[in-house]
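If you read the sequence from its start, that first residue is 1, and numbering goes on from there. Atom set for the values below is all heavy atoms of this structure, side chains included, hydrogens, waters and symmetry mates excluded.
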Amino acid sequence: SIGSNGGIVTSSDGKAADNIPPGALSQDTVITVAVASNPFPVNIGTAYEFRPSGTVFGKPVTILIAYNPSTLPSGANESDLKLGTLVGGQWFSVAGSGVDTASNKVSGKTSSFSTYGVMVVGNIAGLFSPTGSMSTVRQRHMVTLLPNGKVLLAGGFNDTRVFSVANAEIYDPDTGS
């Protein structure tokens, strides 16, 4: 178990870890990192369940997952890799996550546990590309492709995951706004 002094928990295969800083937990908590029990479709490698699900931390924790560069899809570069989280059956990149190509690991900070994996975010066929910013900072929101090709983004939490976002916005891929 990890307490207020923090610590590192690693998966049994050694490919995923959670670095919990001092002060992130207020009490001793049994933390586990395990290969996801269901074969979720992730662009690269294995998904991992960081448990207990729903644990909220007082300070952001760092999640690291190793990847094998030989498993990248055709046309993808290592610089296109991000840490992804599974929300409502869909994968979303973790804001601010990145890749260390020297160690073949992606990492990102989060304030709560979920299922995480390595995903490709780039301008290759069938994948999303970074574009304009949303008018409201949000995460863990719902995303719906509308019949006219625009995208509805609704709800979620603000960047601190403390307050829920009680609005929606429409994104237009044709204009990037």
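- Across Pro52 and Val30, no two heavy atoms sit closer than the pair CD-O, 3.2 Å.
- Interatomic distance, Tyr48 OH to Thr10 OG1, rounded to the nearest 0.5 Å: 11.0 Å.
- The shortest heavy-atom contact between Lys109 and Pro60 is CB-CB, 4.1 Å.
- Ile8 and Tyr116 fall into different hydrophobic clusters, where Ile, Leu, Val, Met, Phe, Trp and Tyr residues are linked whenever their side-chain heavy atoms come under 4.5 Å apart, directly or through other members.
- The shortest heavy-atom contact between Ser1 and Asp28 is OG-CB, 3.5 Å.
- One finds the CD1 atom of Ile31 at 4.5 Å from the CD1 atom of Ile20 (value rounded to the nearest 0.5 Å).
- Between the side chain of Lys82 and the backbone N or O of Ser97 there is at least one donor-acceptor pair closer than 3.5 Å.
- Using a 4.5 Å heavy-atom threshold, the side chains of Tyr67 and Val99 count as touching.
- Cluster membership check: Leu64 does not share its hydrophobic cluster with Val9, using side-chain heavy-atom separations under 4.5 Å among Ile, Leu, Val, Met, Phe, Trp and Tyr.
- Between Ile63 and the choices Thr85, Asp18, Val94, the side chain to side chain contact (heavy atoms under 4.5 Å, CB included) rule is met once, by Asp18.
- Considering every non-hydrogen atom in both Thr115 and Ala47, the closest pair reads CG2-CB, 4.0 Å.
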Next item on the list: Would you check, one step at a time, whether the test side chain to side chain contact (heavy atoms under 4.5 Å, CB included) holds for Asn104 with Asn68?
Entry: CA-CA 7 Å; Asn104 296 332; Asn68 180 342; over 6 Å; no
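- Panel note: side chain Ser114, backbone Leu86; a donor-acceptor pair is recorded below 3.5 Å.
- Thr55 is not listed as a side-chain neighbour of Phe50, based on a closest heavy-atom distance of 4.5 Å or more.
- Nearest approach of Ser107 to Thr62, heavy atoms of both residues: CB-CG2, 4.2 Å.
- For the 3.5 Å distance criterion, the side chains of Asp100 and Ser103 qualify, holding a donor opposite an acceptor.
- In this structure, the side chain of Ser112 does not engage the main chain of Thr110 through any donor-acceptor pair within 3.5 Å.
- Closest approach of Met119 to Gly84, counting heavy atoms only: SD-CA, 3.5 Å.
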Next item on the list: Report the C-alpha separation of Val120 and Leu81 in whole Å, then their side-chain angles, then the decisive distance to 0.1 Å, and conclude whether the side chain to side chain contact (heavy atoms under 4.5 Å, CB included) test is met.
Entry: CA-CA 5 Å; Val120 175; Leu81 299 180; 3.7 Å; yes
Notebook entry, point to check: When you look at Asp13 and Ser11, which way does the side chain to side chain donor-acceptor pair (under 3.5 Å) test go after all the steps?
Noted result: CA-CA 5 Å; Asp13 66 2; Ser11 61; 2.6 Å; yes
